[in-house]
Amino acid sequence: MSDWILVVDDDTSNLRMASHILSKENLRVSCLKSGEDTIRFLEENRPDLILLDIHMPGMDGFDTIAAVRSNEKTADIPVIFLTADDDSETETKGLKAGAMDFIKKPFVPEVLLLRVRHMIELIRLQTDLAREVEKKTEVVKAQHEKLERISMQIVKTLSGAIDAKDTYTNGHSNRVADYSREIAKRAGFSEKKQDDIYMMGLLHDVGKIGIPEAIINKPARLSDEEYAEIKTHPLLGAGILKNITEFPQLTVGARWHHERYDGKGYPDGISGEEIPMEARIIAIADAYDAMSSRRSYRDVLPQDVIRAELVKGRGTQFDPKFADIMLAMIDADTDYQMREK
């Protein structure tokens with residue numbers, strides 16, 4: 001299909017000459033005599049290029065190009081100004097208004113044709129480049145989404161391996177991740193931050209891979225030495241996850257989910273908002289799931305007992321803000337579905 005050129009000039013002889021020059025080169029040409037006609041024409045038509053006279057009665061070229069650029073349907077149509085003026089002020093004003101080029105009147109046929117051909121070729125190159133960029137972007141996006149799916153599968157497989165070591169906490173990491181994401185959502189965090197916290201929750205106990213199963217699954221009370229070994233799992237987990245350089249925040253949940261708001265936790269004894277926000281969220285999700293899961297020495301605790309424990313720990317063990325959100329989640333869970341099934 002031929003490229004479509006719209007020529008706008010109040011001088012009939014200029015329209016006739018431009019149409020004659022361009023039509024001979026198999027270009028499709030439409031001619032109009034005013035800015036007002038141009039705006040009406042563009043409501044139903046979309047030429048590839050507009051040759052626009054500056055000096056016209058009523059809407060002049062500057063008024064017309066402003067109207068063209070303000071309409072999202074026509075804003076990207078290239079405009080070349082037609083002018084008999086020969087001053088830098090007009091040219092500067094035209095370029096600022098969005099004109100791509102200028103063609104002097106009276107027309108020199110070779111110059112008119114060359115400028116139009118160059119502009120059409122530039123438009124074509126820009127269109128081809130935009131399509132290629134869009135195509136490459138889609139490919140990169142698809143590859144990124146595939147990598148994200150693979151990464152999530154790996155993380156879930158790893159979290160499953162962690163939970164499999166503990167006979168009494170089946171699905172613990174998944175539930176902690178779910179509760180953590182819900183807390184983050186209710187706290188008003190972005191979807192990206194919610195997803196990050198979910199990932200941290202899945203891997204918060206990864207350090208338990210380095211703890212002997214005999215200690216993890218011991219039905220009796222742990223000795224001081226065994227408890228001390230259990231307490232090493234946050235540092236072990238952080239050590240494992242620090243090698244994932246693409247997501248350095250993963251170490252946050254693993255290292256600090258046993259810190260307490262009052263500073264009496266481990267491994268670093270930090271307190272309050274020194275504890276990273278993600279770890280404060282995971283800490284209360286982790287504690288909730290520990291109480292709502294079976295243990296070798298007890299069944300799932302009643303919901304009211306868990307609620308009372310969280311109220312008791314509000315401001316000492318847990319961040320008050322996130323404790324309040326967890327309490328609201330409990331109050332909304334009238335059928336006590338948030339627990340190990």
Side-chain angles (χ1 to χ4, degrees), residues 1-138 140-141:
M1 181 181 287
S2 300
D3 294 298
W4 189 7
I5 314 301
L6 173 63
V7 185
V8 185
D9 197 307
D10 64 322
D11 188 318
T12 302
S13 63
N14 285 334
L15 291 178
R16 190 178 299 117
M17 181 180 295
S19 179
H20 176 72
I21 294 168
L22 299 173
S23 296
K24 282 203 313 182
E25 295 296 318
N26 296 320
L27 294 167
R28 179 184 175 191
V29 182
S30 295
C31 296
L32 297 172
K33 298 190 70 172
S34 72
E36 291 85 352
D37 288 343
T38 301
I39 301 308
R40 285 191 290 271
F41 177 85
L42 292 176
E43 289 176 1
E44 302 293 336
N45 302 279
R46 185 182 171 81
D48 297 298
L49 174 64
I50 301 173
L51 304 183
L52 179 62
D53 186 23
I54 290 181
H55 299 295
M56 298 182 293
M59 289 181 71
D60 64 10
F62 294 114
D63 295 331
T64 304
I65 195 173
V68 170
R69 292 287 176 257
S70 65
N71 186 334
E72 62 178 17
K73 294 181 179 179
T74 60
D76 60 341
I77 299 176
V79 175
I80 295 178
F81 269 146
L82 306 175
T83 181
D85 296 339
D86 192 17
D87 64 276
S88 59
E89 184 178 342
T90 298
E91 191 165 330
T92 300
K93 184 178 178 182
L95 292 171
K96 285 182 177 179
M100 301 288 288
D101 202 353
F102 285 81
I103 296 176
K104 301 294 184 186
K105 296 191 293 185
F107 304 128
V108 176
E110 293 81 5
V111 173
L112 173 64
L113 195 58
L114 194 61
R115 292 285 178 89
V116 168
R117 283 291 186 198
H118 280 175
M119 185 56 62
I120 288 172
E121 187 61 29
L122 176 60
I123 296 165
R124 190 170 288 118
L125 287 171
Q126 288 175 332
T127 301
D128 290 345
L129 179 60
R131 286 175 182 160
E132 190 63 27
V133 168
E134 185 178 356
K135 190 189 301 180
K136 295 292 185 186
T137 301
E138 287 300 316
V140 170
K141 182 180 177 182

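All residue numbers refer to positions in the sequence shown, counting from 1.
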side-chain contact (heavy atoms from CB on, under 4.5 Å) assessment of Leu82 paired with Ile54: CA-CA 6 Å; Leu82 306 175; Ile54 290 181; over 6 Å; no

I'd like to know if the side chain of Thr74 and the backbone of Val68 have a donor-acceptor N/O pair within less than 3.5 Å. yes

Check this for me, if you would: do Lys33 and Asp10 make a salt bridge, where the nitrogen-to-carboxylate-oxygen distance has to be below 4.0 angstrom? no

Asp3/Arg124 ion pair, N-O < 4.0 Å: yes

What I want to check is whether the side chains of Thr83 and Lys104 have a donor and an acceptor closer together than 3.5 Å. no

Does Ile120 form a side-chain contact (heavy atoms from CB on, under 4.5 Å) with Ile5? I'd like the steps, not just the answer. CA-CA 10 Å; Ile120 288 172; Ile5 314 301; 3.7 Å; yes

With a 3.5 Å distance limit and no angle check, can you tell me whether Ser70 reaches the backbone of Ala67 through a side-chain donor-acceptor pair? yes

Applying ring-ring contact (aromatic ring centres under 6.0 Å, His included), which residue pairs with at least one partner in residues 30-87 are found, sequence neighbours left out? Trp4-Phe41, Phe62-Phe81, Phe81-Phe102

Heavy atoms only: give me the nearest Val7-Val29 pair and the separation to one decimal. CG2-CG1, 4.0 Å

Sidechain N-carboxylate O distance under 4.0 Å for Arg69, Asp76: no

Are Lys135 and Glu138 ion-paired here, with the side-chain N under 4.0 Å from a carboxylate O? no

Quick one: closest heavy-atom pair of Glu25 and Arg117, and the distance? O-NH2, 2.9 Å

When rounded to the nearest 0.5 Å, the distance separating CG of Asp9 from CG of Asn14 is 4.5 Å

Considering all heavy atoms, the nearest Leu42-Pro47 contact: CD2-CD, 3.5 Å

If you take all heavy atoms of Met59 and Met56, which pair is closest and at what distance? O-CE, 3.6 Å

Enter the distance from Asp63:CG to Thr38:OG1 here, rounded to the nearest 0.5 Å. 11.5 Å

Closest approach of Ser34 to Val8 (non-hydrogen atoms, all atoms of both residues): O-CG1, 3.7 Å

Does Arg16 come within less than 4.0 Å of Asp11, counting only side-chain N to carboxylate O? no

Can you confirm whether Lys105 is buried at NZ, in the sense that more than 12 heavy atoms of other residues, nucleotides or ligands lie under 6.0 Å from that atom? yes

For the pair Ile80 and Leu49, evaluate side-chain contact (heavy atoms from CB on, under 4.5 Å) and give the outcome as yes or no after the intermediate values. CA-CA 8 Å; Ile80 295 178; Leu49 174 64; 4.1 Å; yes

For residues Ala18 and Leu112, report the shortest heavy-atom separation together with the two atoms involved. CA-CD2, 4.1 Å

Which value, rounded to the nearest 0.5 Å, describes the distance between Leu15 atom CG and Leu51 atom CG? 10.0 Å

Kindly indicate, with the supporting measurements, whether the criterion side-chain contact (heavy atoms from CB on, under 4.5 Å) is fulfilled by Thr64 and Ile39. CA-CA 7 Å; Thr64 304; Ile39 301 308; 4.3 Å; yes

